[in-house]
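The chains referred to below are lettered A, B, ... by the order of the sequence lines, with proteins before strands, and numbering in each begins at 1.
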Amino acid sequence: MGTQEFNRSSIRVRFAPSPTGYLHIGGLRTALYCYLFARSQGGHLVLRIEDTDRTRFVADAENDIAQALWWCGLEVDEGPEQGGSYGPYRQSERQSLYVKYAESLVASGHAYYAFDSPDSIAALRKTNAAYGIGTRRQMDNSLTQSSDVVQRRLDAKEEHVIRLRVPENETVQFHDLIKGTVKVSSESIDDQVLIKSDGMPTYHLANVVDDHHMAISHVIRGDEWIPSTPKHILLYQMLGWQPPKMAHLPLILSPTGGKLSKRSAERQGIPINVRDYRARGFEPEAVVNFLAFLGWNPGSEDEVFGLKDLEQVFSLERVGSAPAQFDLNKLNWFNGQHLRRLDIEALANRALPFLEAHGIQGQDHRYLQEVCLLVRDRMEHAEDLSTRFSYCFVDPERFDLVGVKKRWKADAADLVRGYVDRLEAIKSFGEETLERELRTLAEERGVGAGRIIHPVRLAVSGTTAGPSLFALLHVLGRDTCIRRLRKAVHLLG
RNA sequence: GCCGCGUUCGUCUAGGGGUCUAGGACGCCGGCCUUUCACGCCGGUAACACGGGUUCAAAUCCCGUACGCGGUACCA
């Protein structure tokens with residue numbers, strides 16, 4: 001693979017997670033921005049698995065990442081599953097490439113073999129700020145030993161690493177598409193390990209080699225990489241490669257401002273892994289919409305966007321540079337918005353697994369859709385049908401006590417009984433009939449319609465809140481209504 | 001500690017020298033609609049971190065301070 005073969009003019013972005021755990025919400029945000037940028041530019045999205053840390057490797061993490069991306073509709077153009085002409089897409093399968101470049105760096109004097117033990121490095125760090133310029137002359141490495149000795153030790157398979165030889169007194173700088181120009185003195189950069197003693201590359205080397213070999217045009221990643229970027233720039237220079245454009249995304253913070261860690265998130269009821277959002281029934285488009293707006297905005301006052309809409313309007317220039325706090329309230333609002341955008345069929349399918357989980361099995365599909373139509377404007381989560389609106393499927397087990405006190409007056413039982421009698425007599429169970437019967441009854445008894453409406457709602461649903469009463473009765477059907485009304489009269493008296 | 005990045009309503013943000021008596025959204029509060037609850041609509045609440053410059057003019061530019069976050073691994 002020679003540099004010349006790459007077409008540097010085309011936009012190629014990579015999402016490069018480590019399979020050290022399930023994909024978390026922050027990782028998904030990075031993936032989303034990568035995807036959105038690629039799509040908005042007509043470019044390609046590459047998924048690269050950075051599995052160079054064997055100690056933290058989690059076997060099903062890669063699959064989880066793929067699932068999470070799929071769930072959100074983030075289609076990958078090249079990757080371990082979909083293949084592509086720049087593969088393999090797992091770093092563990094590209095090891096020889098990294099070693100080759102590390103050795104070429106040693107040959108050109110930009111890197112060196114180091115035999116120091118982690119302990120001796122740690123000891124030295126206590127008295128020196130960085131492992132670099134001054135300290136490396138005191139260490140046990142190919143800079144302080146004759147080449148014969150070094151070669152003999154290498155041949156003897158003595159444990160060693162390859163370190164980057166950071167130049168002295170240099171200002172390393174790069175332009176970030178989001179942050180602007182970032183400058184760092186080379187004095188503050190460690191002689192970074194490039195190849196670990198197990199032969200695997202570190203992130204820094206593997207990342208640079210792969211981004212170059214995969215013809216990546218734009219590196220879009222989290223803010224936490226800014227301090228490492230100068231090391232990468234140095235590597236590009238030493239290897240004689242053109243660095244890709246850089247864009248570092250601001251981090252997502254917990255609602256209280258700190259790092260959004262697993263612990264802090266869970267304490268506030270925020271799911272941390274993408275799979276948890278899925279399990280909790282969040283709309284993927286809502287999660288995407290919410291995440292997109294955490295650090296970016298279209299510059300207009302529109303807020304509700306589907307993935308396809310976002311692909312049209314996304315731009316890196318409009319990504320902010322300040323970190324953003326996660327706001328569960330807003331996510332829930334987006335969820336309601338996107339839920340309401342679903343057609344009834346889809347909405348019913350969303351609710352189905354939750355109904356089953358709540359023991360509400362074998363619902364007729366047509367009936368389920370009618371219920372969805374009935375309560376859709378009152379839903380914020382797919383799960384609501386099986387919780388707040390479970391009375392659409394099963395008789396209420398209890399009556400809201402505050403509601404009873406407020407709505408079930410002395411004459412309630414009598415009025416409800418009167419209404420049931422009428423329901424048994426009527427032929428049609430349509431909304432209009434139901435309403436007419438109730439209003440007629442109210443008139444006959446000389447009471448306001450509300451005097452009957454409220455107790456009936458309470459009797460039939462157990463609660464005082466809910467959809468239009470007559471629509472509700474109609475959907476529940478005659479048998480259910482009569483049964484519940486009689487039962488309530490019996491229980492509440 | 002050192003290095004880096006950041007700072008507009010509680011939160012997400014618009015704004016990039018005069019159009020800012022700082023706009024939108026979530027939340028919260030009130031109203032309309034209505035048999036209830038929602039949805040929807042209307043209205044209200046609430047912010048330029050602080051201190052110095054530069055300028056006729058600064059939320060916007062510069063410098064400091066404070067605070068927050070990140071990095072400082074043979075983790076990514």
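Looking at Ser254(A) and Thr256(A), their side chains do bring a donor and an acceptor atom within 3.5 Å of each other. Residues Arg165(A) and Asn141(A) have side chains that never bring a donor and an acceptor to within less than 3.5 angstrom of each other. Between the side chains of Asp210(A) and Tyr98(A), a donor-acceptor pair is found at a separation under 3.5 Å. Checking Asn332(A) against His381(A) by side-chain atom types alone, a donor-acceptor pair falls below 3.5 Å.
At a threshold of 4.0 Å, the pair Asp140(A)-Arg153(A) counts as salt-bridged, since one of the basic side-chain nitrogens sits closer than that to a carboxylate oxygen. Note on Arg439(A) versus Glu435(A): salt bridge recorded, some NZ/NE/NH1/NH2 to OD/OE distance being below 4.0 Å.
Using a 4.0 Å cut-off, no side-chain N or O of Arg457(A) falls inside it from OP1 or OP2 of rU35(B). Distances shorter than 4.0 Å separate some side-chain N or O of Lys196(A) from OP1 or OP2 on rC75(B). Close to rU11(B), at under 4.0 Å from its OP1 or OP2, lies no side-chain N or O of Gln268(A). Taking 4.0 angstrom as the limit, Thr52(A) places a side-chain polar atom (N or O) nearer than this to OP1 or OP2 of rA76(B).
Side-chain atoms of Arg56(A) and base atoms of rC75(B) include a donor and an acceptor less than 3.5 Å apart. Within 3.5 Å, no donor on the side chain of Ser188(A) pairs with an acceptor on the base of rC3(B), nor the reverse.
Cation-pi contact between Arg318(A) and Phe314(A): absent, since separation from the ring centre below 6.0 Å together with deviation from the ring axis within 45° is not met.
Ring geometry for Phe389(A) against Tyr391(A) counts as perpendicular: the plane angle is over 60°, on a 0 to 90° scale with 30° as the lower cut.
In a base pair of the Watson-Crick type (N1 to N3 plus N6-O4 or O6-N4) or a G-U wobble (N1-O2 and O6-N3), with each distance short of 3.5 Å, rU54(B) is matched with no nucleotide. For rC2(B), the paired nucleotide is rG71(B), the pair qualifying as Watson-Crick or G-U wobble because both relevant distances are below 3.5 Å.
Across all strands shown, Phe290(A) has no heavy atoms under 4.0 Å from either base or sugar-phosphate atoms. Nucleic acid contact for Ser197(A): base, since at least one base atom lies under 4.0 Å from a heavy atom of the residue. At a threshold of 4.0 angstrom between heavy atoms, the contacts of Leu469(A) include nucleobase atoms, whether or not backbone atoms are also involved. Within the 4.0 angstrom heavy-atom criterion, no nucleotide atom of any strand lies near Pro17(A). If you check every strand for non-hydrogen atoms under 4.0 Å, Gly257(A) touches sugar and phosphate atoms only. Backbone-only engagement by Ser321(A) is indicated by non-hydrogen atom pairs under 4.0 Å involving sugar-phosphate atoms exclusively. Within 4.0 Å (heavy atoms only), Val161(A) reaches at least one base atom of the nucleic acid. Residue contacts for Glu159(A): at a heavy-atom cut-off of 4.0 Å it reaches no nucleic acid atom on any strand shown.
Here the options are Phe282(A), Phe326(A), Phe305(A), Trp296(A), the test is ring pair (Phe, Tyr, Trp, His ring centres under 6.0 Å), and the partner is Phe290(A); only Phe326(A) passes.
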Open item on the list: Output one letter per nucleotide in nucleotides 28-34 of chain B: B when a protein non-hydrogen atom lies under 4.0 Å from the base, S when only the sugar-phosphate is that close, - when neither is.
Closed with: -------

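The side chain of Asp223(A) has rC5(B) as its nearest neighbour among rC5(B), rG4(B), rU35(B). Residue Asp53(A) has its side chain nearest to rA76(B) when only rG71(B), rA76(B), rC37(B) are considered. Ranking rU36(B), rC74(B), rA76(B) by closeness to the Val193(A) side chain, first place goes to rC74(B). For Lys330(A), counting side-chain heavy atoms from C-beta on, the closest listed nucleotide (rU35(B), rA76(B), rC26(B)) is rC26(B). The nucleotide whose nearest atom lies closest to any side-chain atom of Ile226(A) is, among rU35(B), rA25(B), rG4(B), rG4(B). With distances taken from any side-chain atom of Glu301(A) to the nucleotides rG24(B), rA76(B), rC5(B), the minimum falls on rG24(B). Comparing atom distances between the Trp333(A) side chain and each of rG24(B), rC5(B), rC26(B) picks out rC26(B) as nearest. Here the side chain of Val182(A) is nearest to one of rC5(B), rA76(B), rG24(B), namely rC5(B). Checking rU72(B), rC75(B), rG70(B) against every side-chain atom of Asp190(A), the shortest atom distance belongs to rU72(B). Side chain of Trp225(A), nearest nucleotide from rU36(B), rA76(B), rC74(B): rA76(B).
Atom CZ of Phe326(A) and atom P of rG27(B) are 15 Å apart (whole Å). Atom CZ of Arg14(A) and atom P of rA76(B) are 14 Å apart (whole Å). Whole-Å rounding puts the Asn329(A) CG to rU11(B) P distance at 13 Å. Separating the CD1 atom of Ile270(A) from the P atom of rC12(B) is a distance of 12 Å, rounded to the nearest angstrom. With rounding to whole Å, Ile233(A) atom CD1 is found 16 Å from rG4(B) atom P. Rounded to whole Å, the distance from CZ on Phe174(A) to C1' on rG4(B) is 9 Å.
Between the side chain of Thr433(A) and the backbone N or O of Phe429(A) there is no donor-acceptor pair closer than 3.5 Å. Under the 3.5 Å distance criterion, the side-chain polar atoms of Tyr277(A) are matched with a main-chain donor or acceptor of Pro271(A). Using modelled atom types, one side-chain atom of Gln95(A) and one backbone atom of Gly199(A) make a donor-acceptor pair closer than 3.5 Å. Between the Tyr22(A) side chain and the Ile65(A) main chain, no donor and acceptor come within less than 3.5 Å of each other. Using a distance-only test at 3.5 Å, with no hydrogens or angles considered, no donor-acceptor pair links the side chain of Thr464(A) to the main chain of Gly403(A).
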What nitrogen or oxygen pairs link the protein and nucleotides 13-15 of chain B at under 3.5 Å?
unit_1, atom_1, unit_2, atom_2, d
rU13(B), OP1, Gly295(A), N, 2.7
rU13(B), O3', Asn297(A), ND2, 2.9
rA14(B), OP1, Asn297(A), ND2, 2.9
rA14(B), O3', Arg318(A), NH2, 3.4
rG15(B), OP1, Arg318(A), NH1, 3.4
rG15(B), OP1, Arg318(A), NH2, 3.3

Strictly under 3.5 Å: I want the nitrogen or oxygen pairs between protein and nucleotides 43-45 of chain B, one per line.
none

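The aromatic ring centres of His212(A) and Tyr101(A) sit 6.0 Å or more apart.
Residues satisfying the salt bridge (charged side-chain N to carboxylate O under 4.0 Å, His left out) test with Lys196(A), not counting sequence neighbours, are none.
In the region residues 245-253 of chain A, proximity to RNA chain B at under 4.0 angstrom, judged on heavy atoms, holds for Leu251(A). For the segment residues 402-417 of chain A, residues with any heavy atom less than 4.0 angstrom from an atom of RNA chain B are, sorted by number, Arg407(A).
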